[in-house]
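Everything on this sheet refers to the single structure shown next.
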Amino acid sequence: MKHPVNYTLEKKEKHTGARLGKLETPNGTYETPMFMPVGTQATVKAMTPEELKAMGAGIILSNTYHLWLRPGSELIEEAGGLHEFMNWDQGILTDSGGFQVFSLADTREIKENGVHFKSHLDGSAQFLSPEKSIQIQNELGADVIMSFDECPPFHESYDYMKQSVVRTTRWAERGLEAHENWDTQGLFGIVQGGGYKDLRIQHARDLRSMDFSGYSIGGLSVGETHQEMYEVLEYTTPELPEDKTRYLMGVGTPAALIESVIRGVDIFDCVLPTRIARNGTTMTSKGRLKVKNATYKKDWRPIDEKCDCYTCRNYSRAYVRHLFNTDEILGVRLTSIHNLRFLTHLMEQIREAIRNDNLLDFKEAFFEEYGYNEPNARTF
RNA sequence: GGAGGGAUAGCGAAGUGGCUAAACGCAACGGACUGUAAAUCCGUCCUCUUUCGAGUUCGAAGGUUCGAAUCCUUCUCCCUCCA
């Protein structure tokens with residue numbers, strides 16, 4: 001089948017599994033490895049499309065579940081699709097809603113046909129199935145849509161994980177069948193299996209035998225250590241086709257991005273940069289910097305002296321701190337701009353290092369300055 | 001001059017005999033955040049101590065009581081009303 005979303009592998013880094021490539025979508029072609037900012041409710045919180053483009057953002061993420069409940073996928077379809085609705089003319093990827101159903105619904109019932117759960121907005125009974133998720137995503141009209149999967153906790157029992165994974169495979173088949181817009185929307189499958197090597201490998205092979213436009217690795221960054229995550233990647237990415245995109249869902253710490261690229265991942269998404277930005281934490285070349293802290297009261301330096309973002313070119317730590325302390329809306333905007341730019345810039349550097357076959361040197365230099373310990377990064 | 005009300009920790013404000021080192025809010029300080037129910041959430045917040053704990057508090061001084069932020073006396077300051 002001819003896909004509307006295609007991956008071209010351009011180069012493999014000499015000493016690692018890192019890949020330099022291009023991801024072609026109906027709304028632009030993007031260099032990978034790439035980080036995708038998250039805009040769950042049809043907006044990357046606090047950012048305008050112009051600002052996102054200025055920082056080098058390519059594809060952004062949005063969410064089936066949230067937009068389905070509000071304002072409704074039919075309304076967005078009526079608006080002319082998600083791109084038109086939110087004034088974003090570059091790539092969009094919608095998550096299937098699987099993660100939301102499993103992460104925020106207390107009361108849910110997973111059945112073969114789909115999942116019964118309660119809306120987080122009003123508690124009303126809802127039902128989401130593979131077909132329903134694809135139908136909604138067809139209405140939303142993103143460039144890349146995701147298969148409806150179950151995302152169990154990493155340390156779920158082997159028996160549970162095994163039956164969950166085969167069900168996710170059956171759901172993947174149903175999603176492929178239900179998808180109607182093969183000319184304008186690529187569909188990605190999602191590999192699950194927790195930390196069980198045989199399940200991961202089997203699931204990757206099962207999905208690989210189906211004609212997806214790309215492949216995701218799901219069920220990570222859900223409570224496991226970084227080391228456990230890296231191990232999963234090491235035996236999972238080799239099972240995925242070389243000529244398709246590998247997407248690691250929900251990962252966004254600088255350390256994990258670098259380590260995952262080394263293990264053959266092409267694209268990422270994560271709420272982390274925008275969420276922590278709104279809470280006053282910034283990512284810098286020297287590690288995390290909590291700009292609200294009193295120590296920056298009279299610090300006239302930019303958040304990151306090595307950063308080229310709008311915030312760092314124009315504002316001091318002292319000023320941004322003041323904005324947070326006075327609860328001014330500009331504060332969260334400035335830190336969001338900075339954090340997103342920090343990650344897009346990091347990915348630019350990673351691509352350059354792959355091009356030059358010195359990714360390991362880059363990694364070492366990066367960690368030397370950034371520090372090896374991310375807050376709460378369980379590294380063993 | 002007369003009558004009444006009030007003074008509680010950085011600020012605001014509960015508390016009218018023991019369960020009060022003193023609710024709650026704000027400010028301040030620190031932490032968390034990974035396919036976004038998040039401009040959210042969690043701590044600390046009289047002093048000393050890592051903890052246990054010890055010490056000193058509710059305008060001031062004195063008194064009653066086994067025990068007082070809470071009751072009594074005097075004083076200081078603030079507010080309202082009447083002359």
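Reminder, nothing fancy here: chain letters follow the sequence lines and each chain counts from 1.
Listed by chain and number, the residues in a ring-ring contact (aromatic ring centres under 6.0 Å, His included) with A:Tyr215 are A:Phe212 (sequence neighbours excluded). In terms of the ring-ring contact (aromatic ring centres under 6.0 Å, His included) criterion, A:Phe324 has no residue partners (sequence neighbours excluded). Legend: residues meeting side chain to side chain donor-acceptor pair (under 3.5 Å) with A:Thr335, ordered by chain and number and at least two apart, are absent.
Taking the P atom of each, B:C72 and B:G6 are spaced 12 Å apart, rounded to whole Å. Nucleotides B:U70 and B:U51 place their P atoms 31 Å apart, quoted to the nearest Å. Rounded to whole Å, the P atom of B:A13 lies 25 Å from the corresponding atom of B:C82. Nucleotides B:A21 and B:U57 place their C1' atoms 8 Å apart, quoted to the nearest Å. Comparing the P positions of B:C26 and B:U20 gives an interatomic distance of 23 Å, to the nearest angstrom. Between B:A28 and B:G10, the two C1' atoms lie 8 Å apart (nearest whole Å). Comparing B:C81 with B:G30, their P atoms sit 46 Å apart, to the nearest whole Å. Using P as the reference atom, B:A69 and B:C52 are 24 Å apart when rounded to the nearest Å.
The phosphate of B:G31 (OP1 or OP2) has a side-chain N or O of A:Lys290 nearer than 4.0 angstrom. OP1 or OP2 of B:U36 sits under 4.0 Å from a side-chain N or O of A:Asn63. Residue A:Arg288 has no polar side-chain atom (N or O) positioned under 4.0 Å from OP1 or OP2 of B:U34. Phosphate contact (OP1/OP2 of B:G31, side-chain N/O of A:Asn293, threshold under 4.0 Å): present.
Note on ring orientation: taking the six-membered ring where Trp is involved, the planes of A:Trp182 and A:His3 are perpendicular (angle over 60°, cut-offs 30° and 60°).
Only A:Asp269, A:Cys270, A:Val271, A:Leu272, A:Thr274, A:Arg275, A:Ile276, listed by number, bring a heavy atom of residues 260-276 of chain A to less than 4.0 angstrom from any atom of RNA chain B. Less than 4.0 Å separates RNA chain B from at least one heavy atom of each of the following residues of residues 146-158 of chain A: A:Asp149, A:Cys151. For the segment residues 200-222 of chain A, residues with any heavy atom less than 4.0 angstrom from an atom of RNA chain B are, sorted by number, A:Gly219, A:Ser221. Sorted by residue number, the list of members of residues 161-182 of chain A with any non-hydrogen atom under 4.0 Å from RNA chain B is empty. Interface residues of residues 36-52 of chain A facing RNA chain B, ordered by number: A:Val38, A:Thr40, A:Gln41, A:Lys45; criterion, heavy-atom separation under 4.0 Å.
Side-chain contact between A:Asp357 and A:Glu13: present, with at least one pair of heavy atoms (C-beta onward) separated by less than 4.5 Å. Side-chain atoms of A:Leu52 and A:Trp88, non-hydrogen and from C-beta on, do get closer than 4.5 Å to each other. Contact annotation: the side chain of A:Tyr370 approaches that of A:Arg288 to within less than 4.5 Å [non-hydrogen atoms, C-beta and beyond].
Base pairing of B:G43 is made with B:C29, judged by Watson-Crick or G-U wobble geometry with both donor-acceptor distances under 3.5 Å. Pair assignment for B:U20: none, as no Watson-Crick or G-U wobble contacts are both less than 3.5 Å. Pair assignment for B:U64 gives none, since no Watson-Crick or G-U wobble pairing has each distance under 3.5 Å. Nucleotide B:A83 forms a pair with no other nucleotide shown, judged by Watson-Crick or G-U wobble geometry with both contacts under 3.5 Å. Remark: B:U76 base-pairs with B:A7; criterion is Watson-Crick or G-U wobble with both hydrogen-bond distances under 3.5 Å.
Here the side chain of A:Arg278 is nearest to one of B:G30, B:A39, B:U34, namely B:A39. Here B:G35 is the nucleotide among B:C29, B:G35, B:A39 with the atom lying nearest to any side-chain atom of A:Ser96.
Dense packing is recorded around CD of A:Glu234, with more than 12 heavy atoms of other residues, nucleotides or ligands lying under 6.0 Å away. For A:Glu364, the CD atom counts as loosely surrounded, since its 6.0 Å shell holds 12 or fewer non-hydrogen atoms of other residues, nucleotides or ligands.
When heavy atoms are screened at a 4.0 angstrom cut-off, A:Leu61 is found touching the sugar-phosphate backbone but no base atom. Residue contacts shown for A:Glu328 are absent, as no nucleic acid heavy atom lies under 4.0 Å away. Across all strands, A:Ile329 comes closer than 4.0 Å to base atoms (heavy-atom distances).
Residue pairs meeting the ring-ring contact (aromatic ring centres under 6.0 Å, His included) criterion with at least one member in residues 19-74 of chain A, sequence neighbours excluded, are A:Tyr65-A:Phe117, A:Tyr65-A:His120, A:His66-A:His120. Pairs engaging residues 189-202 of chain A under the side-chain hydrogen bond (donor to acceptor under 3.5 Å, both in side chains) rule: A:Asp149-A:Gln192, A:Tyr158-A:Asp198, A:Gln202-A:Asp206 [sequence neighbours left out].
Nearest-nucleotide assignment on RNA chain B puts the 5′-proximal partner with A:Val251, out of A:Val251 and A:Val332.
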Table please: side-chain donor-acceptor pairs of residues 337-347 of chain A below 3.5 Å, with sequence neighbours left out.
unit_1: A:His338; atom_1: NE2; unit_2: A:Met283; atom_2: O; d: 2.6
unit_1: A:Asn339; atom_1: OD1; unit_2: A:Met283; atom_2: N; d: 2.8
unit_1: A:Asn339; atom_1: ND2; unit_2: A:Pro273; atom_2: O; d: 2.9
unit_1: A:Asn339; atom_1: ND2; unit_2: A:Thr281; atom_2: O; d: 3.1
unit_1: A:Arg341; atom_1: NE; unit_2: A:Asp308; atom_2: OD1; d: 2.8
unit_1: A:Arg341; atom_1: NH1; unit_2: A:Met55; atom_2: O; d: 3.1
unit_1: A:Arg341; atom_1: NH1; unit_2: A:Thr344; atom_2: OG1; d: 3.2
unit_1: A:Arg341; atom_1: NH1; unit_2: A:Glu348; atom_2: OE2; d: 2.9
unit_1: A:Arg341; atom_1: NH2; unit_2: A:Asp308; atom_2: OD2; d: 3.1
unit_1: A:Arg341; atom_1: NH2; unit_2: A:His345; atom_2: ND1; d: 3.3
unit_1: A:Arg341; atom_1: NH2; unit_2: A:Glu348; atom_2: OE1; d: 3.1
unit_1: A:Thr344; atom_1: OG1; unit_2: A:Met55; atom_2: O; d: 2.8
unit_1: A:Thr344; atom_1: OG1; unit_2: A:Leu340; atom_2: O; d: 3.3
unit_1: A:Thr344; atom_1: OG1; unit_2: A:Arg341; atom_2: O; d: 3.1

Hey, can you pull the donor-acceptor pairs under 3.5 Å for the side chains in residues 74-87 of chain A, sequence neighbours left out?
unit_1: A:His83; atom_1: NE2; unit_2: A:Asn27; atom_2: ND2; d: 3.3
unit_1: A:His83; atom_1: NE2; unit_2: A:Gln90; atom_2: O; d: 3.2
unit_1: A:His83; atom_1: NE2; unit_2: A:Asp143; atom_2: OD1; d: 2.7

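Of the charged side-chain nitrogens involved, none lies within less than 4.0 Å of a carboxylate oxygen, so that A:Arg170 and A:Glu173 do not count as a salt-bridged pair.
The hydrophobic cluster containing A:Phe154 also contains A:Val251, counting ILVMFWY residues as joined when their side-chain heavy atoms lie under 4.5 angstrom apart, directly or transitively.
Side-chain atoms of A:His120 stay outside donor-acceptor range of the base of B:U36, with no qualifying N/O pair under 3.5 Å.
Counting to the nearest Å, the P atom of B:A37 and the CZ atom of A:Arg70 are 12 Å from each other.
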Q: List the steps and the verdict of side chain to side chain donor-acceptor pair (under 3.5 Å) for A:Ser285 and A:Asp304.
A: CA-CA 7 Å; A:Ser285 53; A:Asp304 188 347; 3.0 Å; yes
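Scanning all heavy atoms of the two residues, the minimum distance from A:Leu20 to A:Arg355 falls at CD2-NE, 3.8 Å.
If you check the side chains of A:Thr8 and A:Glu10, you find no donor sitting under 3.5 Å from an acceptor.
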